[in-house]
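Keep in mind that the numbers below use all heavy atoms, side chains included, and drop hydrogens, waters and symmetry copies. Indexing begins at 1, ligand by ligand and atom by atom, following the structure's order. Predicted model, so just to flag it, every value in this text is computed and none were measured.
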Amino acid sequence: MIIMKTDATQEQIAQVIKEIKKYGLGTDVSKGAYRTVIGLVGDERKIPFAHFEALPGVKEAVRVEIPYKLISREYSRFFEGEGVSVPRAVRVGGIEIGGDKLIFIAGPCAVESKQQLFKIAEGVKKAGAHILRGGIFKPRSSVHSFQGLGAGGQEEAEEALDWLQGAGRKFELPVITEIRGESQVDLVAEYVDILQIGARNMYSQDLLTQVAKKGKPILFKRHFGAGIEEFLSFAEYIAVEGNKDIILCERGIVPVGKGRSYTRYTLDLAAVPAIQKETYLPVVVDPSHATGRRDLIFNMSCAAIAAGASGLMIEVHHNPSEALVDAQQQITPDELKDVIDACQKINKVVVAGRNKG
Ligand code: PEP
Ligand code: MN
């Protein structure tokens, strides 16, 4: 990265960018309260650092070898100042994810009908949720199971997206849905406020690039087999496109050992504070897919907030046992309210401790 002097002029910054491009690298310009830092996108070994340090307006040229440098604290501390340890909030529809308040994303696993969606939207709003979720293109293990209404064709997909947008407007909730494949990017981005990349697609570089280019906030889920460094390295594919409105989501990793594990995945809660040490991006937790069990949602939600998460994504259905997908892990709006109330209390303790430390 090239760290500019605090009094560097626009012309000097432009000159450095021009020089970097000559060496075949891209740039990521961050103007902080403090100073401007120009991140190098590509292979830094091609850059003669001494040459850049001699350019007017340049304070220092520093090599950063971490694979997720643009989203790292290592990078942001140069323009945001030392000691800034809070996340940088992602803003959507008047809401801040990663700000002082907890954010609850709730709604059905899959959109099943207009009536179902509006009923659940009303319920989660009353319970205190901030963002409405609903899957329209579902990633399923079996090709024979319900793939979401979007699988019915263009018309069905648009209709379901229109309901989602409509429910969001009616109950004043920004909306989120998963983009499962590249062919869905343009359509989905027209209707929703936050674009979701599912766990199975964490490694889909081309999809990440295309979704990032829409310039909308992205909820990026960790693959169930991915290490933390790998997870952040793939988030960098989004950041490199100039889109840093990324919300990271821990949703459980593959359980270890033989015999029954009694949970669908293993919720890796230490990942939350560990990730927060590495990046300024907000981290949320999905206890629904992690546990696969509605009777564990309350405890694991509380635990996730205690671990420092900025919010939760929870599957909610007015009649969970009748849900077409993930029936066993969805909770009711009333149960969601209990979760939210408990989490708010826990968060007060966490925030007080953070401010002290
Ligand atoms: C989902 O949130 O709808 C989902 C399928 O989750 P994941 O990608 O984490 O499995
Ligand atoms: Mn689900």
Side-chain angles (χ1 to χ4, degrees), residues 97 103-112 116-117 120 124 129 131-143 145-151 157 160-161 164 175-181 184 188 192-204 207-208 211 217-226 230-231 234-235 246-255 263-269 271-272 275 283-294 296-297 300-301 304 309 311-332 336:
I97 304 147
I103 295 300
F104 294 88
I105 306 168
C109 178
V111 174
E112 299 168 8
Q116 172 248 19
L117 181 64
I120 295 170
V124 303
I131 297 171
L132 176 65
R133 66 154 280 150
I136 291 169
F137 297 98
K138 294 305 303 173
R140 303 304 306 278
S141 300
S142 168
V143 71
S145 44
F146 177 57
Q147 309 285 310
L149 292 175
L161 284 162
L164 187 59
V175 296
I176 174 169
T177 200
E178 175 170 352
I179 296 182
R180 203 185 50 203
Q184 297 150 9
V188 172
V192 306
D193 306 292
I194 306 174
L195 310 172
Q196 179 171 328
I197 298 286
R200 287 153 196 81
N201 270 319
M202 189 203 89
Y203 295 105
S204 304
L207 180 64
L208 301 188
V211 172
I218 295 171
L219 183 124
F220 187 55
K221 288 188 134 187
R222 178 183 181 185
H223 188 275
F224 34 79
E230 224 182 350
F231 180 33
F234 279 88
I246 307 165
I247 305 144
L248 299 171
C249 181
E250 159 61 31
R251 47 77 71 212
I253 50 178
V254 175
T263 54
R264 192 173 175 184
Y265 294 94
T266 298
L267 186 53
D268 181 9
L269 285 183
V272 176
I275 289 172
V283 185
V284 300
V285 168
D286 170 354
S288 304
H289 292 91
T291 63
R293 287 175 57 165
R294 79 170 61 96
L296 302 188
I297 301 300
M300 296 320 290
S301 295
L312 300 173
M313 176 186 257
I314 301 180
E315 287 190 341
V316 177
H317 200 285
H318 61 289
N319 192 358
S321 58
E322 297 290 306
L324 290 183
V325 189
D326 287 348
Q328 68 294 342
Q329 70 195 30
Q330 310 208 45
I331 61 172
T332 64
L336 176 69

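Note that NE2 of H223 and CD of E230 are 9.0 Å apart. Values are rounded to the nearest 0.5 Å.
Nearest to atom 8 (O) of ligand 1 among the protein's heavy atoms is A199 N, 2.8 Å. The single protein non-hydrogen atom nearest to atom 7 (P) of ligand 1 is K221 NZ, 3.5 Å, given as residue, atom name and distance. Here the protein heavy atom with the shortest distance to atom 9 (O) of ligand 1 is R251 NE, 2.6 Å.
Salt bridge status for R264 with D326: present, with a side-chain N to carboxylate O gap under 4.0 Å. Look at E178 and R133 and you find no salt bridge, because none of the NZ, NE, NH1 or NH2 atoms lies under 4.0 Å from a carboxylate O.
When distances from the Mn ion (ligand 2) to the N, O or S atoms of E315 are compared, OE2 comes out shortest. D326 contributes atom OD2 as its closest N/O/S atom to the Mn ion (ligand 2).
Listed by number with element, the atoms of ligand 1 under 4.0 Å from a non-hydrogen atom of G198 are 8 (O).
Under the 30°/60° scheme for interplanar angles, the aromatic rings of F234 and Y203 are found to stand perpendicular.
A donor-acceptor contact shorter than 3.5 Å links the side chain of T177 to the backbone of G134.
Around atom 3 (O) of ligand 1, the closest heavy atom drawn from E178, K138, R264, R222 belongs to K138.
Between R133 and ligand 1, at least one pair of N/O atoms sits closer than 3.5 Å.
Side-chain contact check for I97 versus I131: some heavy-atom pair is nearer than 4.5 Å. With a 4.5 Å cut-off on side-chain heavy atoms, L267 and E250 count as touching.
Only the side chain of P139 comes within contact range of ligand 1, with a heavy atom under 4.0 Å; no backbone atom does.
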